[in-house]
Amino acid sequence: MQYDYRKIEPKWQKIWDEKNPFEAKQDYTLPKYYTLVEFPYPSGQGLHVGHPRPYTALDIVSRKKRMQGFNVLFPMGWDAFGLPTENYAIKNKIHPKIVTERNVARFKSQLKALGLSFDWNREINTTDPSYYKWTQWIFLQLFKKGLAYKKEMAVNFCTSCKVVLANEEVVNGVCERCSSAVIRKVKSQWMLKITEYADRLISDLDGLDYIERVKTQQINWIGKSHGAEIDFNTTTGDKLRVYTTRCDTLFGATYMVIAPEHANVEKWKSLIKNYDEVEAYRFEASKKSDFERTELVKNKTGVRLDGVNAINPATGKEIPIFISDYVLAGYGTGAIMAVPAHDERDFDFAKKFGLPIVEVVAGGNVEEEAYTDVAEGKLVNSGFLNGLEVADAKRAMIKFLEERGIGEEKINFKLRDWVFSRQRYWGEPIPLVECEKCGWVPVPEEELPLELPEVDSYEPTETGESPLSLMTDWVNCNCPKCGGRAKRETDTMPQWAGSSWYFLRYCDPHNDKELASKEALQYWMPVDWYNGGMEHTTLHLLYSRFWSKFLYDIDILDKKEPYAKRTSHGMILGENGEKMSKSRGNVVNPDDIIRDYGADTMRLYEMFIGDFEQSAPWNTQSIKGCKRFLDRVMNLVDIVKGEGITPELEKPMHKLIKKVSADIDSMRFNTAIAAMMGTLNTIYDVGHLTKCELITFAKLLSPFAPHVAEEINELLGEKNLISIAKWPEYDESKTIDDTVELPVQINGKVRSTVMAPKDADKDAILGIAKADEKIKAAIEGKTIIKEIVVPGKIINIVVK
RNA sequence: GCGGGUGUGGCGGAAUUGGCAGACGCGCUGGACUUAGGAUCCAGUGGGCUUCCCGUGCAGGUUCAACUCCUGUCACCCGCACCA
């Protein structure tokens with residue numbers, strides 16, 4: 001018999017709505033558990049089958065924790081500011097607010113149909129003024145602490161979205177979202193000083209339970225490097241400062257390179273004999289996008305600054321200075337000392353321009369290639385450093401530099417400050433005004449939220465300014481400080497703003513006095529388990545850690561880190577093994593799956609499909625196995641017999657409780673389900689089970705297939721919801737078999753298996769093995785060389 | 001180039017500290033029940049020259065014993081990419 005999911009799933013969803021069993025309680029004396037999934041961007045397409053995988057996984061964790069007596073916070077909300085909604089609004093001339101409402105309604109009904117145990121009383125929406133009031137408030141605190149500043153700078157500008165992008169949003173030189181060309185454009189932008197937190201963003205990872213690849217990716221992205229800054233005298237009288245991680249190779253610096261954008265080029269204009277040539281090179285370099293620059297990695301170009309030389313402070317020799325775009329203006333000092341013998345890039349450049357290559361670390365063949373090994377090799381041709389190992393030479397050189405006042409130790413980061421301005425409508429307005437007298441002045445906190453005004457058109461202007469800039473009534477205002485004439489900032493915040501603190505709002509979502517009460521934050525934070533996509537490792541995850549640390553510094557939060565544990569799910573691919581996408585035509589719609597198989601089957605299948613952290617292709621055929629399993633579980637109700645314990649099932653049930661409990665904790669949902677399937681097969685082999693055994697089985701199943709579990713529970717006459725029943729416990733002694741089956745090997749090959757008592761000693765086990773007919777035959781007439789007995793595992797007899 | 005990951009039946013995938021490779025499921029084969037089977041149930045299912053042998057990307061090594069450890073190598077995926 002098949003169970004009628006079309007009837008029972010809506011039935012239990014309605015009951016859960018009415019009885020509200022998944023509400024996080026206000027009682028702060030209870031042990032808490034905070035499970036978090038990344039809140040979705042409510043797009044027009046609705047949910048796809050990728051969404052439910054992480055949601056179901058943490059729903060399982062949350063449901064189990066709840067049954068184990070924890071006060072669980074498992075919330076959901078909407079990250080609803082963003083470009084697709086705005087673009088849809090522009091095209092269809094509908095207010096983005098309306099579009100958002102529609103999309104949210106669709107998403108919410110789809111999520112509800114999955115039976116996820118979210119506490120919907122805590123639903124939040126980043127576009128809600130009562131929410132973004134606090135996003136703006138946090139921005140103002142950053143501004144007041146000097147961590148938000150406006151800067152005229154070359155930014156990544158998407159030619160299609162007409163919007164500035166953060167470095168993290170530019171992928172292979174094109175816009176992450178629309179794949180259009182990204183050009184460099186000089187604009188005045190609000191920036192957040194995330195670089196001030198670079199060190200802590202690395203070091204505080206230490207105690208956290210993040211999967212390793214997230215940690216390493218963040219560390220690499222922040223890119224901390226230890227080195228030194230060194231001043232080189234030049235024939236111009238100016239000094240030229242470089243950054244290097246290899247100050248030990250200073251004696252091998254045979255030329256210098258500065259970035260095309262370096263300020264000294266202009267300064268030395270009158271001294272540079274070939275300025276026309278230099279100027280032409282700079283112009284060419286400025287036209288290149290980042291993408292083109294990286295295309296040219298192998299082919300180094302550059303121009304020597306004729307008439308200007310530098311002096312190597314170690315050798316005292318005059319060396320030439322070049323400009324080249326292989327040196328980046330934005331990293332270090334925008335200038336380098338080139339040591340072609342020990343740096344591949346310098347080597348390529350030196351070969352091309354015929355510059356001298358001087359070996360200063362022995363061990364390689366510097367005529368053929370750069371020798372970059374730092375672990376092995378002694379210094380040569382290096383005066384007072386000769387004979388030292390690289391590490392010692394570095395120390396000696398730093399001492400040398402510092403004593404003479406020509407350089408010092410220096411740490412650098414790859415991480416750049418966060419470009420925080422967007423010239424779009426559908427985002428949080430930046431709550432600042434520019435006064436002719438006072439400069440940038442914050443909107444008073446009591447005036448927050450600064451709401452988005454109504455505009456006629458949401459389209460960005462031709463100049464790339466936000467549509468808000470056309471709202472003169474809104475833009476022109478009085479300075480909150482002096483009352484004089486002032487103009488509002490018309491840029492809005494990036495989409496990442498709202499998601500940088502949303503996990504805090506869930507703790508106390510209706511508070512209109514603070515972003516969340518101190519008690520709520522102290523109780524709920526940190527998030528105990530946060531699961532989300534790998535694509536957010538260097539964006540959302542880094543940004544939200546940064547904001548959390550800032551809020552810790554200003555005493556809002558008492559935890560330095562927002563997330564105690566971070567895991568990441570694998571993608572669900574199309575049936576052809578490729579990434580699911582509209583253009584590939586391999587998208588599976590979850591609505592169809594729920595209609596044809598039910599939500600419980602869908603949940604179970606998405607967890608059974610494979611290792612949670614690994615990608616796996618969707619297969620509609622395979623779903624049937626999960627449906628069949630649930631049908632067979634429902635049918636157990638018909639073979640319930642008696643009370644108490646069925647002897648043949650006692651040990652399998654204890655083992656199952658142990659296995660499912662452990663597997664949920666370690667995210668091995670697929671093997672937990674496999675174990676339940678195996679036990680179900682055992683139950684059918686036995687032919688009957690007792691009522692309490694079925695209830696135990698239903699409890700174990702309930703996090704995975706909650707509707708089926710509730711239905712069985714009710715059919716057995718139980719009055720209370722199984723979703724909040726007590727999680728079963730197991731007796732360790734009842735998970736161990738009295739007799740075990742042992743494989744017997746001869747020379748490492750299995751020849752037979754024997755049964756032995758679990759606590760039999762070595763000799764007894766060997767006796768049993770040798771009594772076996774097959775083993776007897778195999779060792780007949782041979783000499784036994786060695787006998788290995790691993791109790792509970794294996795017997796191996798080596799014969800000759 | 002650097003960093004991380006993955007290679008196991010026809011398919012998705014299992015396999016605590018090295019200890020019966022292929023759990024569980026899909027698919028497939030045969031049977032039962034049936035007007036019917038794309039429902040359900042039962043049996044079988046890595047390959048082969050089937051008393052035995054071969055099999056976890058490939059080639060070696062350590063071990064009584066290797067998917068698991070070591071050395072080398074190939075393929076694919078993801079991230080970063082001139083960061084001095």
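Quantities reported herein were computed from a predicted structural model and do not represent experimental measurements. Below, chains carry the letters A, B, ... as their sequence lines are ordered, and counting in each starts from 1.
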A.B. asks: What's the closest nucleotide to the side chain of Arg628(A) if the choices are G12(B), C24(B), U40(B)?
C.D. replies: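 Per side-chain heavy atoms of Arg628(A), the pick is U40(B).
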
A.B. asks: If you only use heavy atoms from C-beta on, which nucleotide in C80(B), G13(B), C64(B) is closest to the side chain of Ala616(A)?
C.D. replies: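 The answer is G13(B), which lies nearest to the side chain.
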
A.B. asks: Taking the minimum atom-to-atom distance to the side chain of Arg668(A), which one of C20(B), A15(B), C24(B) wins?
C.D. replies: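 Nucleotide nearest to Arg668(A)'s side chain: A15(B).
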
A.B. asks: Quick one: sort the Trp418(A) and Tyr543(A) rings into parallel, tilted or perpendicular, breaks at 30° and 60°.
C.D. replies: parallel

A.B. asks: Classify the side chain of Lys300(A) versus the base of C82(B) as yes if they form a donor-acceptor pair under 3.5 Å and no if they do not.
C.D. replies: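 In this structure, the two groups form a donor-acceptor pair.
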
A.B. asks: Measure from CG on Asp346(A) to P on C82(B) and round the result to the nearest Å.
C.D. replies: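 Result: 15 Å.
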
A.B. asks: Would you indicate, yes or no, if G19(B) has its OP1 or OP2 atom less than 4.0 angstrom from a side-chain nitrogen or oxygen of Lys793(A)?
C.D. replies: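 No, Lys793(A) has no side-chain N/O under 4.0 Å of OP1/OP2 on G19(B).
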
A.B. asks: Take the protein atom CZ of Arg632(A) and the nucleotide atom C1' of C42(B), then report the distance between them rounded to whole Å.
C.D. replies: 12 Å

A.B. asks: Using salt bridge (charged side-chain N to carboxylate O under 4.0 Å, His left out), reason through Arg241(A) and Glu229(A) one step at a time and then give a plain yes or no.
C.D. replies: CA-CA 7 Å; Arg241(A) 178 160 269 238; Glu229(A) 282 190 0; 2.7 Å; yes

A.B. asks: Return the value, rounded to whole Å, for the distance between atom OH of Tyr326(A) and atom P of A84(B).
C.D. replies: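 One finds 13 Å between P of A84(B) and OH of Tyr326(A), rounded.
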
A.B. asks: By nearest nucleotide on RNA chain B, pick out whichever of Arg751(A) and Arg246(A) is the more 5' one.
C.D. replies: Arg751(A)

A.B. asks: For the pair Phe353(A) and Phe349(A), name the ring-plane relationship: parallel under 30°, tilted 30 to 60°, perpendicular over 60°.
C.D. replies: parallel

A.B. asks: May I ask you to check if Lys300(A) and Phe347(A) form a cation-pi contact, with NZ or CZ under 6.0 angstrom from the six-membered ring centre and within 45° of the axis?
C.D. replies: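 No, Lys300(A) does not sit over the ring of Phe347(A).
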
A.B. asks: Who is the Watson-Crick or G-U wobble partner of A36(B), with both distances under 3.5 Å?
C.D. replies: none

A.B. asks: Quick check: on RNA chain B, is the nucleotide nearest Ile795(A) upstream (toward 5') of the one nearest Ser615(A), or the reverse? Name the residue that is more 5'.
C.D. replies: Ser615(A)

A.B. asks: Paired with C41(B) by Watson-Crick or G-U wobble geometry, both distances under 3.5 Å: which nucleotide is it?
C.D. replies: G31(B)

A.B. asks: Using a heavy-atom cut-off of under 4.0 Å over every strand shown, decide if Val790(A) touches base, sugar-phosphate, or nothing.
C.D. replies: base

A.B. asks: Rounded to whole Å, please give me the gap between CG in Asp611(A) and P in A14(B).
C.D. replies: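 Going from CG in Asp611(A) over to P in A14(B) covers 5 Å.
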
